[in-house]
Amino acid sequence: MTQRITIDPVTRIEGHLRIDVEVDGGVVKKAWSSGTMWRGIELILKDRDPRDAWVFTQRICGVCTTVHAIASVRAVEDALGLAIPLNAQLVRNLLISAHALHDHVVHFYQLSALDWVDVTRALQADPAKASQLAEGLSTWPGNSRQALAAAKARLAAFVQAGQLGIFTNGYWGHPAMRLSPEVNLLAVAHYLQALDVQRKANQAVAILGGKTPNVQNLAVGGVANAINLDSAAALNMEKLYQVKTLLDEVAAFIHQAYFPDVCAIAAMYPEWLRHGAGVTSYLAVPDLPTDAGATRFDLPGGVIVDGDLAKTRSFASQKDPAFRDGVTESVARSYYEGAAQKSPFEGETVPARQAWSADGKYSWVKAPRFEDRPMQVGPLAQVLVGYATGHERIRFWADRCLDTAGKLAGAKLGPAALHSTLGRHAARAIRTAVLAELAQKHWRLLVENVGKGDTTVFNAPSFPKGEVRGFGVHEAPRGTLSHWVVIRDGKIANYQAVVPSTWNAGPRDAQGRPGPYEASLVGNPVADPKLPLEALRTIHSFDPCLACAVHAVDADGNALATVRVA
């Protein structure tokens with residue numbers, strides 16, 4: 001018998017996401033992904049000064065503020081053909097690396113670990129046994145018997161006081177949960193430790209960006225961080241070493257706690273290395289430029305079609321014409337006027353509210369396509385592109401992850417295992433381990449360049465008469481982000497943001513092809529339709545953030561549309 005399950009809202013995730021699935025025989029047969037609010041930022045930006053766009057676009061999301069600022073300034077700089085100084089590139093790289101480290105740690109522990117970890121069983125654990133187990137994976141100081149006993153006592157105090165917070169609502173005792181009490185305790189301890197670690201990553205963002213969220217240091221043409229080693233008011237060596245200390249502490253947790261945790265969970269739920277693949281065409285863009293002209297990058301980008309790593313195509317730069325010409329968006333199943341598949345340069349955002357319809361329009365999220373294909377974006381895309389093209393550090397950490405999980409599971413795992421629900425978690429841990437190293441590298445590059453006497457951080461822009469167009473990309477924590485701007489006589493004539501959760505959460509297109517969320521759910525098991533934990537596991541593995549894809553305010557903060565999802 002076919003059953004329809006509606007999960008609305010999807011919990012522990014920022015934004016407004018509804019998931020519908022049809023289950024037959026304990027397996028998902030069909031799925032629909034719906035964004036349930038409208039984003040109006042594109043209209044707010046029309047006729048504004050392009051130099052101000054990055055300030056507004058940070059408000060697309062309360063979490064992903066920095067990434068939109070970066071993509072926005074890059075879009076305007078691309079339209080103007082404006083290069084920025086090397087120091088500005090490196091400061092931006094440190095900023096986005098610290099932001100990504102924060103984001104990835106929060107995603108695993110605070111937003112998705114509780115899909116796999118039964119907090120209630122942690123109270124049955126023996127801290128000494130848990131510590132012995134952990135020491136076989138890493139030398140993280142937080143794995144000591146004393147630290148784990150303290151975490152257990154802290155959890156017991158929450159329970160006794162009845163103040164469980166986020167632990168109140170969970171699928172505790174669900175048949176799909178099967179970690180031992182000791183592994184559950186270890187995960188809960190790291191959950192609590194991660195709260196402090198993500199704060200340190202955010203401190204680094206705030207030192208460089210002036211504040212967070214909504215950094216203040218960017219500008220079209222570079223950054224506003226004055227560099228003066230003799231001034232307490234500028235970016236000096238004291239502040240740079242503060243950043244380094246914070247990044248070193250974050251890196252230690254990532255390499256010694258987060259990375260081993262993900263490998264262990266992958267080994268203990270090996271069937272989830274077979275579920276949740278969905279769309280196996282992938283898109284990533286290069287990032288972390290190492291020169292002023294942005295011709296060399298420390299993170300790779302490219303395209304994989306139908307999971308064929310042997311035919312991976314690389315993007316030469318962030319301005320690759322193949323990317324520019326390949327991206328389109330469909331609104332055939334979205335609550336907007338029109339049905340044509342358009343380039344973002346010609347994109348329109350004209351709302352057309354109507355009832356939710358499984359066979360018609362059912363989402364405020366558009367459906368992006370690359371070369372007319374649905375594409376999955378995110379850490380998995382970048383890791384697979386890097387693995388296929390021989391990126392040394394991605395290969396190192398990917399092989400280490402697969403080897404570690406394989407030994408624990410008693411099986412040999414290859415890159416094909418990454419096309420899965422837990423593969424997305426593994427890829428995020430791999431990317432985070434690489435980023436932690438690269439953040440330290442780019443700190444050294446900045447200090448070395450300043451040490452040569454170069455303190456330039458800004459090149460002034462100038463706006464020509466007539467029309468110019470540009471796009472800016474960034475490989476954000478959730479995947480490929482691009483901003484597209486048309487500037488006419490110095491003012492914004494059109495602006496579109498094609499964000500990671502739009503790529504992944506988008507609905508079917510005019511040809512009926514599902515987006516990555518929808519495709520990944522098909523074939524998933526669901527043991528209890530009243531407790532659809534398995535569906536949440538797969539959706540959470542994408543790290544959805546629907547605020548980036550949907551919003552509903554005008555320039556004065558007034559609601560523009562009321563949506564009732566039937």
Is R537 close enough and on-axis enough to W116, meaning under 6.0 Å and within 45°, for cation-pi? yes
Are K319 and F471 in a cation-pi setup, meaning NZ or CZ lies under 6.0 angstrom from the ring centre and within 45 degrees of the ring axis? no
How far apart are the closest heavy atoms of D543 and R478, and which atoms are they? O-NE, 2.9 Å
Could you check whether R373 makes a cation-pi contact with F370, meaning its NZ or CZ is under 6.0 Å from the centre of the six-membered ring and within 45° of the ring axis? no
Parallel, tilted or perpendicular for F345 and W484, by the 30°/60° rule? perpendicular
Over 60° means perpendicular and under 30° means parallel, so tell me whether F259 and W397 are parallel, tilted or perpendicular. perpendicular
Between the side chains of Q58 and T66, does any donor sit under 3.5 Å from an acceptor? no
Is it true that Y495 and T57 share a donor-acceptor pair across their side chains at a distance under 3.5 Å? no
Can you say whether the rings of H99 and H102 are parallel (under 30°), tilted (30 to 60°) or perpendicular (over 60°)? tilted
Salt bridge present between K452 and D454 (N-O < 4.0 angstrom): no
Exercise: do R431 and Q382 side chains pair donor with acceptor under 3.5 Å: yes
Closer than 4.0 angstrom, basic N to acidic O: yes or no for K441 and D298? yes
Does the side chain of K342 come under 3.5 Å of the side chain of Q496 through a donor N or O and an acceptor N or O? no
Do you see a donor-acceptor pair shorter than 3.5 Å between the side chains of H104 and Y109? no
May I ask you to decide whether D287 forms a salt bridge with R92, counting only side-chain N to carboxylate O separations under 4.0 Å? no
Answer yes when R48 and D52 have at least one side-chain N-carboxylate O distance shorter than 4.0 Å, and no when they do not. no
With a distance cut-off below 6.0 Å to the six-membered ring centre and an angular limit of 45° from the axis, does R395 pair with Y387 as a cation-pi contact? yes
F108 six-ring face occupied by R428 cation (under 6.0 Å, within 45°): no
Decide whether R74 and H483 meet the rule of one side-chain donor and one side-chain acceptor closer than 3.5 Å. no
